[in-house]
Each structure stands twice: as C-alpha cells, then as structure tokens.
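Numbered from 1 within each chain, the chains take letters A, B, ... in sequence-line order.
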Protein chains: 2
Amino acid sequence: MKFGYFDDQHKEYVITTPKTPLPWINYLGNREFFSLISNTCGGYTFYRDARLLRLTRYRYNDVPCDTNGKYFYIKDGDCIWNPGWQPTKTDLDFYECCHGLGYSRFTGKKKNLQASVLFFVPLEDNCELQWLHLKNDGDAPKTFSLFSYVEWCLWNADDDMKNFQRNLSIGEVEIEDSVIYHKTEYRERRDHFAFYGVNAPIDGFDTSRDAFLGAYRGNDHPQVVEKGACSNSVASGWSPIACHQIDLTLAPGQEKSLIFVLGYAENPLAEKWSAPDIINKKPAKEILAKYQTDAQVEQALSALAAYWEDLLSKYHVTSSNEKVDRMVNIWNQYQCMVTFNMSRSASYYESGIGRGMGFRDSCQDLLGFVHLIPERARERILDIAATQFIDGSAYHQYQPLTKKGNSDIGSGFNDDPLWLIAGTDAYIRETGDFSILDEAVPFDNDVSLAAPLMEHLHRSFDYIVNHKGPHGLPLIGRADWNDCLNLNCFSAHPGESFQTFGPSEGPVAESVFIAAMFVKYGNAYAKLCRLTGNTSEATRAEKEVAKIYDVILKDGWDGKWFLRAYDAHGQKVGSHECEEGQIYIETQGFCPLAGVGVKEGLAKEALDSVKERLDTKYGIVLLQPAYTRYHLELGEITSYPPGYKENAGIFCHNNPWVSISETVIGRGDRAFEIYQKTCPAYVEEFSEIHRTEPYVYSQMIAGRDAAFFGEAKNSWLTGTAAWTFVNISQHILGLLPTHEGLSVDPCIPHDFGDFELTRKFREGTYHIQVRNPKQVEKGVVSLRVDGQEIAGNVIPYVRGKKEYQVEVTLG
Amino acid sequence: MKFGYFDDQHKEYVITTPKTPLPWINYLGNREFFSLISNTCGGYTFYRDARLLRLTRYRYNDVPCDTNGKYFYIKDGDCIWNPGWQPTKTDLDFYECCHGLGYSRFTGKKKNLQASVLFFVPLEDNCELQWLHLKNDGDAPKTFSLFSYVEWCLWNADDDMKNFQRNLSIGEVEIEDSVIYHKTEYRERRDHFAFYGVNAPIDGFDTSRDAFLGAYRGNDHPQVVEKGACSNSVASGWSPIACHQIDLTLAPGQEKSLIFVLGYAENPLAEKWSAPDIINKKPAKEILAKYQTDAQVEQALSALAAYWEDLLSKYHVTSSNEKVDRMVNIWNQYQCMVTFNMSRSASYYESGIGRGMGFRDSCQDLLGFVHLIPERARERILDIAATQFIDGSAYHQYQPLTKKGNSDIGSGFNDDPLWLIAGTDAYIRETGDFSILDEAVPFDNDVSLAAPLMEHLHRSFDYIVNHKGPHGLPLIGRADWNDCLNLNCFSAHPGESFQTFGPSEGPVAESVFIAAMFVKYGNAYAKLCRLTGNTSEATRAEKEVAKIYDVILKDGWDGKWFLRAYDAHGQKVGSHECEEGQIYIETQGFCPLAGVGVKEGLAKEALDSVKERLDTKYGIVLLQPAYTRYHLELGEITSYPPGYKENAGIFCHNNPWVSISETVIGRGDRAFEIYQKTCPAYVEEFSEIHRTEPYVYSQMIAGRDAAFFGEAKNSWLTGTAAWTFVNISQHILGLLPTHEGLSVDPCIPHDFGDFELTRKFREGTYHIQVRNPKQVEKGVVSLRVDGQEIAGNVIPYVRGKKEYQVEVTLG
C-alpha cells in the first residue's frame, strides 16, 4: 500500500494523505541552518548544532504524535484548519505534501479556500522561508484570519526539557513591527537571537504560549484562534512562542501571498544592544529585507533548484529501471547529503542531543558524498582527523559546534582509525587532490601537536599493527563497526554504558571485521604511500596487510563462513560452535569486499551461507540464530529482543557490503536482488508494513525473529545511504573512481538491459553507454573512449579534458 | 479567588474545579515507592530514584499541560469521560479532588454514573493502590466499559526521552490473568519489573500505545475507548502501556468497587525466570494477593491514616487562628516530610533527572523533619556525611539510589560543611542521642576512610577556619547558600555551568553569609564538644567563632545593613556603594538569627532596612535594586530577568530567616506579618495570582520588578518548608528543643491570643498552655511545669518521664 507517489520530473515525493504510518519528513538547509519538517508541518529548526542552538521546540515521542512544528491556522468562520492537517486535524477537501530537494510544499483546501505553503532555507541566509499562497476558489468573497505559530526552544535542547526551575523564569521576547524577536538569555551570555517576521502588517500577535493556547489546551485547539483574536501577549518567563495574526478578505478568484521568515542572527559583543535591554536588530533586518517580495523568494528558490541540479548532475543514470534511476539520480544522493550534514545527530529518531558527529559515521558518510561537493568533504576530513589522538585512536564522537571530541565516550573503538583512511582515500580518488595529505592537522584538537594528514593515516594504520591479539587479529577495543558487540565490557547493571563500562579494552578480544577493513584500507594506505613516493612505507604496509590476510584465512574462517570475532576469553563469536549468533553478516560482507578469500573460493562459500542462513524477503539479517538471552561476554547486541537492531534485525547498513561482495565474485543477479530488498523505491509498495519514508533508507528493519517483521525504524540518518550509493553507483552500475581514472566494470542483473551514465569526475564529464547484448552479469569485453578501444577497465584520466564519450560492451 | 477549600477535619485540600491555574499535585508514598499526582490524575511513579527507576512516563512542559498520568476512561454510550476530567476533558456533572495526607481521591459524575477513585501507596509495599468505586445514581440499569491506562517509562527517565534509536526497539511486556507486566530490559541487566493488575477478570487489554490510542491521536481520544473494545495488543518495541478493559452493568443504585495495583518487584539473579523468557512473577503476586479485597485496602488505608496521625501528634497547636493551626498541624509538617523524601529531585518543576539529593538541601530539610521520625533523620545524616571529603568539603549533590556523590558538580560550595553541623545539632537536640557522633562514617563514600561523625563535624568546622579571605571572612567558593551568586566563575559563554566553569574557587571572594552561619553552627559545634567532654576543642571553637563575629561587625556591616559578600576583585556585594543589588536579604536574615549584631543594635537596623527596601505585599524580595544587566563578576544571579528567582524575586526560603530574626529582637507583630505573607493558608485567597498549590510553599514568587508580580513558581520542593516550620514552631510559637530540654519562648503578634501546644519530645508528651493577658509580643513571665514554677525558659528534661503539664504566661 502506498501513501503517495514519486514525481521524478520535479524530483519530489508527493504524499497524498496526512495519515502516513509515521511522520514522513524532509530536511531543509544545506550548511548551517537546518529544519526538519514532516508531512504535516511538524518538526524543528536549529543553527549548526541540534543540541546547543535549537531555535524551535519539538517533543519527541509525544502524543499525539508529531504535534509541534511550524503551523498556520486558518479561521474561516467557525472552521479552523491547517494546510498541513496537523495540529487541528480538521478534515481537508484536498491535502498534498511535496517533499522536494531542500524544500517542502503543503497544499490544503477547505471551504473553497486554498492555502499552499512552501518551506525552504535559502542558500545564502540563516533563515527558513515560509511562502504562503492563499486563494479564494469560491464565487463569493472570503473573510478569514490567519495565525502563524512556532514555539521557541530556549536554545539548549537538552536543558530545555529538564531544567524548569530555571527555564520557566527566563523567557524573553521583543516585538517590533511585524517581527517577533526571541531573546531568551541574550541579556547574559548569548550573542544571538531568533526572529520570526512577515512581509505584511499584522493585526495582532502573541508571544506567550499560555495566552495563545489557553489553559489545558493543546496546539489542536488554541484559544486565541478560536476567539479569532490575538491577545498581544508579551512573554515573560514560561514558554515564549511567536504568533502573527493577519486578517484577510479575498474576492472570488483572488490570490494573496505572504512571506514569513524564521531566522537566526548574531551580534558582536560590542554591538549587542541598541538601547538598554533592547537588542540590536540590524542583522535580522538585513535578512528580512532580502525576502520582502515574491520575486526575491522566487529567485532564492531558483538558486536552490540550480544548486541541486548541479549537484545531481555529478552522477546520472538512464536505464530501463525507473526505480534505479530514481534512487541513483535523486533520492540516494539526496540522503547522502543529509547524512553528511547531520551525521547521526538530528532526525525523528535521533533527538539531536544524544550524540554529535561520529568519527566512523562521518567518514563513511563521505563515501557517498565526496563526489557531490569535494571541497566540503575535504574540510570534514580535516575536522575529523583533528579529533584523532597521537597514538592513532580517535574520539568516537565530536560536537559539531565546537568540533571538539566528546570526552564522555572517548576513544577505543578500534575500527575508527581505519575509517579515516577510507574517507581520505575516497576523497583523493575522487579529486586527485594529494595536497590534502600535506595539510597540518592537530591531534586531540591541540594545534601544537599538528602533523600532516599523511602522518595521521600512518598513525591510523599503525594503531592496528600495534594492537593485535593472540591470533594476530586486530584487538576490538570497546567495539568495532558494530557498536553493540562489546567484548571487553561485562556490564551487569542497568545504567552502565555498554561501551564504556568496565575495562572496555582488553588484550584478547579480536575482530575479524577490523582485519578485513585492514586489508581493504591498509592496501589503500599502501597505495597512497606508493603514489606519494614513499616506497619503503608502501612495502612495509603491504607486508602488514599480507600478514593479516593470512591470519584471516587461518583463524578467521569457520568452515563455511568467516568468523566474527574472538571474545575476551578467546572464545569464537559467529561460529557454528556457538549456541546462538553462529553467523554474522559483517565479515561475510566485508571480507570479500576487501578481496579476502576471493581467489581461495571462501568468498563465494561465505556469500552462499549468507543467502542460506541470513536472507529474508525484506533484507539480510545481521546474525542468526538471534540471541534469546543476555550474554555478558558479548554486550549490548544481546540486550535487544530477537529480531531488533543488531540482534538479528535487518541492519540495512551492511546489506550493501554483501551486495558489493556479490559483484566482486560476479553475481549481478544476486547483488541486485539484495540491493532491491531494502531499496526505498521498491519498498514503497508495502509502506503499510515498512512504515518509514519510502524515499530514504532506514537504519533497521525488524528481522524475521521480531513481532513486526519488515517494520523499519530510524529513517534518514544511517550509513546505509552512503554504502548503498557506493554499491549501486560504483559496483552494480560499476563506475569506480580510481587514482588512475574512472574504472568501468558493471555487475548487473542479466536482464537489466542497456543503460547510460553521465559522471562528472574531476574536470571531465563522462558520457557512458553500456550495452549488454549477451545478458551477462559482469565482464567488460570492449571499452571505447572517444572512439578508441582501451585495454582494461579504466578510462585514463587526462588532466583538463572536459568531455569523454565512452562506449562499454559487456559480454 | 479560590479553587477549593481546606477541610481541616479530614486534613484535606478539596479542589472543586479541574481548571486550577496550574496542576495542583500531591505526593503518595513515604519511603521508597512514590507517585506524584495532580488534581486531574496527571503525574508519574518511581521507585527510590526519580531518574533511574521511573515506572511511568511523564512529559514535562507538554501541551496540553499535564496529560500523562494514571487514567480511567469510562465509555458510557457515546460519552467518554474521566473521573479526574483529564485527559478527555469531558465536562462533568460533578468534580472533586481531595488531596489528603499520602492519598488523593477523585470523584466525577456523569450521566448518573459516579466514579470515585482513591490513590495511595500503602505503608508496607512497593505499589500504588487505585481503589475505584462506581455507582449507578440513576433509575435505569447502566452498561458501560471501563478502561485503565498508564504509559510505562523505560526506567531511566533521562535516557527515555532521548535515546530513541535504541528505546523504540526494546519495549517488552507479559500479560497473565488480569495483570500486565512491564519487563523492558529485564532480559538483560535489570532484575526488576513493574506490574499493573486488577482484582477482577478483564474483558480485554492493550499494551501497545499506538494500538490503544490510534495513529495521530492523543490521550484525549483513544481509538480503543472510542470503539469500546481493546485490541489485546502485545507491545514489542515502541511504547508499551497498560490498559485493562472491564465491561460492567450496574442496576439502579448498585455500586461496584475495583482495586487496581501498580507495583514494582525485584528478583534475585538466580530466580529471575520461571521459564525461558518468562519472568518469575512471584514477588508481584505476593503484593497483588495483599490487595484483593476492599477490606484489605481499607486496612492499608487505616494504617496510613494512623501513621500520619501519630506523626502529626508530635507537634500540635490550638489557637484562635485557624490558618496557623492548619499549617502547623497539617500542611507545613506534611511538606516537610515531602521535602525530606524528595530533596529537590521530583516535583512538577523539578524533572527528577536534573539533580539528586542536595547536601545543603537535605541538611536543611532535616530541620523541619527531625521531630517527625528521628530514626530516618539519623540515617539521612549518616548518608549525607558519607559524601563529605576528608578536607571537610562535600559533594554538593548525591544520587539517592547509589548514595554516591555526583562528580559532575563536585564540591566547593563553601556553606555545605556547616549544614552538616546544623542537621546533626538539630537531631541531637531533638533526641538527646549523642551516640550518633560515635558512628563511623566514610569520607568520599570510601569506607576505608571512615571516622566518627564527630570528626566529620570537626572537619566541617575547620574547613571554614582554613578557608578565609583577605578580611578574615570565609571564602565563598563556587557559591554559598545562594547557588546563583558565583563570585569566582566568570562565565562568558552559554552552556557553561555558572557554578563550575572557570576557576570556581578563589582566594579573595568572601561570604558574609557563611560567616553568620559559622557563628550559629560554630557555636552549636562548640556546644557539642563541651557536652561530649572535649573542653579544649570547645574553647578553641568558641574563639574561632568570636573572631569571625568581630570580622562581621568590622567588615561585614555596610552602615545600615549587613554586606552580602566581597567579590573576587575585593569589591563589595550588597552595599549602598553598588550600582545594583545594594541590599541582599540573606545576611539580614541570618546574622540576627545567629545572634550577630543583636546586642550592638545592628540587627534591628538591618531588619528595618529590610522592611524599608525589600518588603512587598507578597513577601520580601531577595535583593534590590534588581540587576538589569549581566554582571560577569556575580554570575547566575544576574542572568535572570529582574524580579525572577534570585534576581529580586521573593525567594521564599529566606523569608523565615527574617521572621526568625524579628523574633530574636522581640518583634512578634512583624515576625508574624512576614510569616503571613507567604503562608499558603493566607495565599489561598488570591490563588488566581499566586497560581501554585495553596496548601504548600513554593520556591519563588515573582517580585515587584517582574511582569507577573505575585506569581509563584516551583512549588513543593523548597527549603522554605523546613525553615518556615522552624520559624512558626520554634520561634513564633516558641517551642525550641535544646540539649537541656524544651525551651518555651513565644514571640507572637500582640493580638494572637492564648493558645495550646502539644509536643512529643523524646519520651515525653508536653501539654502546654500559653496565656498572654497583657498582649505582649514576647516575654515569658511565668513558666509552671506540673504546677511547679520554673526559672528561665527551659522545661527540664527528665529521662523516661511521659507527661508534662506546662503553663506559660507572657507579660
């Protein structure tokens, strides 16, 4: 069952009922000012940091679900309604929500009045524009009142929901002309304020929530709207809000537009005040002045569209499969941008206050983002590297506002160092920009300890070399990629962090997964050394990689699949010898992907075991059999009920690893089958089961052991976005950036048909035609560049060359 | 305007409309199992620790206000209503909420059906009983359905509202007979679970919130209730709830009672399971078995009533002033019990997750509680003392579940050590139990560092002696009693703690307030030394006190009032020389109370200055003039808008200090005038302005500089309760426990009239008649004990004596 449809022409998902199984959201904003907005206008806004600089208040896990946001109430006689349905939930004669690239548009109709509101964050300013169009579709004049509504957050979103003995006494606002200024704590240490204005005179305002809603009332039934008249309340403490009232009369057929601007402004310390207790509003007024006319907004919207058109032109496919085209050309890349911006901080499941940017997360996100805006990827790599410790380990998370590592979680996730190599390698392959390796980057955010980025990669590499266990496999530390596999923790009491309680690190527990990563990214490191002329280091690195490769084959193979780990007692994890959790997905995905066991035939055997033991109709589960009880020696993974999350859920992130591995051994049908199972464009068909947004990936789909098999959770912010884009773009469609140039080596379903790719890579645009006359799954038999037959799979990169015509024949 | 009335006979406050200005709550539970319950059945339940073991979920600062709690829905035909009005808010034909001592009773009537539900926590068990009575008041049979509803919290209340990527996947329940068991995380590290049962067969149940409410619906409109039929949902992840459905038919006049039990149970590790994945329900069933019949519940209720009758018999007054009698005999003592139990952790303003027990807070709370249950006071003193450091300083807060000091806030609040002396001294004066001083008590929770409690007091005393500033006044550290006066902090950026940012402690900033405390509690310490035979230490202590006394007179006096402090630059705080904040209340209250400046006439001058500069019709504000801008050198106090909180709000806690000081200089009229201004029984008359509960004190009333002068905030958990009880019971009514015996020295309004006191003190009951034929404000001219005239004010304590007949004449 579907609740909307893809409009590929406009690059929108059009939701046709407000009653989606869960709120279906979009992200507005590209760099520093962001909004989350649901299909019923729920959500919130923040500047740079969802925890520390939250502009508007949201209530997670509230009932009714998703009832704070940016609302317009229309009072038309006795009928009160919202164009986005919530929060009054008045039945509409027409409802539509179009989530587009960086904007969302809501259209509601009721009693011959049409209200359409477009939300977006312009590229250049720290504000959200709300462009409202009202139209009288009837044949009589219409007189009605419009009320805007946002509830301010008192900046720190965590403190905002706890510290009431203070917070209920500090709220402050100013009102001037048609603009409401929220200035809580500006009197003291803040140099910033928020504002909410409209390009028209107002007939009233409210800034006190209690005055607006009335006692014991919700957003669904505000007293002021019911009365049809604002009370011009000036908040002093309690909960400040912003509401504008505009009374309107429209003749039959008449239209009216209004521009609301919700923004953020800062002042230098010396210019904070224009008079005692009166804030200097200049920076806000400058923004407001830029969005006074429809033409100005139109222009900002065009600029946003052009921005996205340019970004998406970096990778474009035209095939006979519209679902693949849709995901590759629009939604998968769009989600990669969002994960790049947000890491795992703020979604409808990530509250924006729990964790900042993840070291591992952000490095992986780069893999799917680096082709879009390489300059920003470059900046991010340097930010991340600056949170590395001198021994090569790294803060597991850092706060986006300060860019400092978070001491509460610290380091000790032993895969982290290698992800820095992964991200840097991807950046250099994409751009050819080796200069990044020479950038001086601090360790532990301490500039006095700065060293070239190449040295950081060296430390990453050596961290693994220097931290091996009894079998010569890498020590796992607190956890590797799977944050929930905690082999050194032994937490027996609630409230303890599964990751940081107890010893957390130990000399025995080893990770086969990190070993596979080491093969892949150790080789990448060696290649960077070689390309930068450090032959001896390259050779040393290759030898270290070879050592680990051999250890994986010797002590990382369980007979039919790869082991997952050895625990702190030296016992196998993910072995047929285990009572539960006999086979894990991660090593079956990452070993072949890293080239481990391919030539020995183990890769194929492992992937066959995945199909036999882990596959389901909704995707591949993380492990089997699910853990039915808590294992002290394994940690958080066994804390989940069977079928959820890491305990045998379909953890989407690692499904593409398996799909990629299938392409490594040439099985295009199977690779695509795996791709398809979790692919939003396919999942859309059964949205009533899947429930989360059908245009983006979710972190997890409940596995077959769960009560609600097939139900997804935690949409949007997942490494699945990046890895799936890597899978479909580089491995299935087969266009892989290498140091030497673009490699073309598709691995597709035999019946996928011919297809075209357009790829902007460094200075060139590549127009690539792929023909598959023999319906093979893999194998380039002919590669012609600008009419010339080329040996191998790599289109030689020619500095400065703008256009490449490429013809590829499989067979 | 009033919203109810005091029923002194039943010791209840009867609320007659659900639409109180704010939710008006009560506390259920006495030792370990607690519920907060509002006048519309809102609130939540926890076991021991409101942060770590929260049974039911609450949403602070929600809209509509206060819409999670323990609800009964009645579906009577098309009419759906709740006996407590919320959350359906269906208009009732009759509504009444009676908050009594440890119980609350709600009665609603609609369409000839009466539903009355009594909530209380029995003395002996970890459960809340909900005793429901239904009666058909009409003349036709009535058939209707009853639905119970609670929403489970996933135990850790802080994590519960943040960590959705985990929490939405872990919810688990079991249903057996009429009992719903909430067992989230029981599979792993928890050995406890919650349960909710009823003593009758059920016609259905729901445990999934989404199934019960329906999509996009709130508590006001559950789908299941609307349909009239539960869906028998079994929660798996998302939000587990508990709902029982019971279908009923009542003949005209017929009554029916039901007993619901909401409880907490633990199992030993070895007995966690009765079968794989099935919890051992034995401890829950034992509790449930105790509350199956009305007689059983009746008995538990009687026991609770007897418990309170006994407690309140410790201090009882009969005067011609019913408001004084009401507060002294019922509500002030009741609030003292609640503050003792809760410290500042869980109220409708304290979220229960922000801070644990306060060192200073809990010591002060003892002052009003110690006479009620001295044994619990003793235990608390030892708990608190164990969080003291070896240098005499102390953790400022500790977690009630673990009793460990909180490292995030640490120590450095330089008044803290002296409050330990205050609490211990009050306990010994009350009980004569000097053995407490010999108890071995750890330092810093480390038993290897244990030392006798007397040694802890010694370290407390010496901490002040060893931490003095340039004038010889005590250093203030992070802050003294006024947590917001931060003289060593200099926080310039949001998000920094005003108390712990920067140096936090320094060698210059001094507190006159701590100096006054040192005089009072230093003398108390000296006396304890003398009474335990340590004469040399007593003499040394008295000398140290005398030194500080002299310094206060020399460098702590501003000319017309006492200075408040010297800041880190050596500048005066609370001086006529200051631009803002020229006079503070704290030192004017505490110096005379400690005896400082009384004989020199400064006390009177200071108190006159208070009346002239700080007094308002709603109470005495903390300072004047209010700070209009942020002062880096003063800290948080200047962060509040003028008139709120410490920045010139009426901070109720220190009003009784001033009132006590007035009794010290014999001004009974003025002392009582101050008492009266913030006294709930008086404040009740203008509840529409005051807004918080009219039966308990609030932390703060907005001062005259605020927009909403007279509006109270943060009711219930405030040191005001203890200090006001000390004031009215020991100083105004004048019955002060001393080491030698009860001292009688009333200081009353001249027209207060004669009165009687009953006081249980140690083994004796004192029946005291006070006559004031000459209408004086103070001065005992005759004291007769059992017919014998006694010299002085102290009734000599006679070990083992049971009854004392005391006649007192003022003149």
* Asked: With only heavy atoms counted, which part of B/L168 is less than 4.5 Å from chain A, the side chain, the backbone, both or neither?
  -> both

* Asked: So, do A/Y216 and B/W85 have ring centers that fall under 6.0 Å from each other?
  -> yes

* Does any non-hydrogen side-chain atom of B/W238 lie less than 4.5 Å from one of A/E711? -> yes

* **Contacting region of A/T67 [heavy-atom separation from chain B under 4.5 Å]** => neither

* So do the side chains of B/D62 and A/D62 get within less than 4.5 Å of each other, counting heavy atoms only? -> yes

* What part of A/P276 gets closer than 4.5 Å to chain B, counting heavy atoms only: side chain, backbone, both or neither? -> neither

* Yes or no on side-chain contact (heavy atoms from CB on, under 4.5 Å) for A/R209 and B/V63, after CA distance, side-chain angles and deciding distance? -> CA-CA 9 Å; A/R209 189 184 72 200; B/V63 290; 3.5 Å; yes

* Asked: What part of B/L269 lies closer than 4.5 angstrom to a heavy atom of chain A: side chain, backbone, both or neither?
  -> neither

* Please determine, among A/A492, A/A707, A/G214, the option with the most heavy-atom pairs under 4.5 Å with chain B. => A/A492

* **Heavy-atom proximity to chain A below 4.5 Å, by part of B/A215** => neither

* Asked: With respect to chain A, which residue among B/W273, B/Y640, B/Y60 yields the maximal number of heavy-atom pairs within a distance under 4.5 Å?
  -> B/Y640

* Less than 4.0 Å between a side-chain N and a carboxylate O, is that true for A/R166 and B/E636? -> yes

* Asked: Is there a donor-acceptor contact under 3.5 Å from the side chain of A/R629 to the main chain of B/E188?
  -> no

* Determine whether the side chains of B/Q165 and A/K713 contain a donor N or O and an acceptor N or O closer than 3.5 Å. => no

* Closest approach of A/P641 and B/S169, non-hydrogen atoms and distance? -> CD-O, 3.5 Å

* Structure fact -> The interface call for B/T402 against chain A, heavy-atom contacts under 4.5 Å, is neither

* Asked: Does B/E496 offer a backbone N or O that forms a donor-acceptor pair with the side chain of A/R189 under 3.5 Å?
  -> yes

* Compare every heavy atom of A/F164 with every heavy atom of B/Y349, then report the nearest pair and how far apart it is. => O-CB, 3.1 Å

* Structure fact -> So, the part of A/I353 with a heavy atom under 4.5 Å from chain B: the answer is side chain

* What part of A/H192 lies closer than 4.5 angstrom to a heavy atom of chain B: side chain, backbone, both or neither? -> side chain

* Asked: Under a 4.5 Å cut-off applied to non-hydrogen side-chain atoms, are A/R187 and B/T638 in contact?
  -> no

* Heavy atoms, side chains only, cut-off 4.5 Å: are A/H221 and B/P64 in contact? -> no

* What residue in B/R59, B/R190, B/Q86, B/R57 has the most heavy-atom pairs under 4.5 Å with chain A? -> B/R59

* Structure fact -> Checked B/G649, B/S491, B/P21, B/S639 vs chain A; the most non-hydrogen pairs under 4.5 Å come from B/S639

* **Pairwise distance CG(A/N163) to OG(B/S351) - rounded to 0.5 angstrom** => 7.5 Å

* Under a 4.5 Å heavy-atom cut-off, does chain B meet the side chain of A/L22, its backbone, both or neither? -> both

* To do: Tell me, for B/L52 versus chain A, whether the close heavy atoms (under 4.5 Å) come from the side chain, the backbone, both or neither.
  => neither

* Asked: Are B/K162 and A/M161 close enough that some pair of their side-chain heavy atoms sits under 4.5 Å apart?
  -> yes

* **Which atoms of A/Y630 approach chain B - backbone, side chain, both or neither, heavy atom under 4.5 Å** => both

* B/N61 versus chain A, the contacting section by heavy-atom distance below 4.5 Å -> both

* Looking only at heavy atoms, which two atoms of B/V234 and A/F708 are closest? And how far apart? -> O-CZ, 4.5 Å

* Would you say the side chain of B/D277 lies within less than 4.5 Å of the side chain of A/T628, judging by non-hydrogen atoms? -> no

* **Which portion of B/P87 sits near chain A, non-hydrogen atoms under 4.5 angstrom** => neither

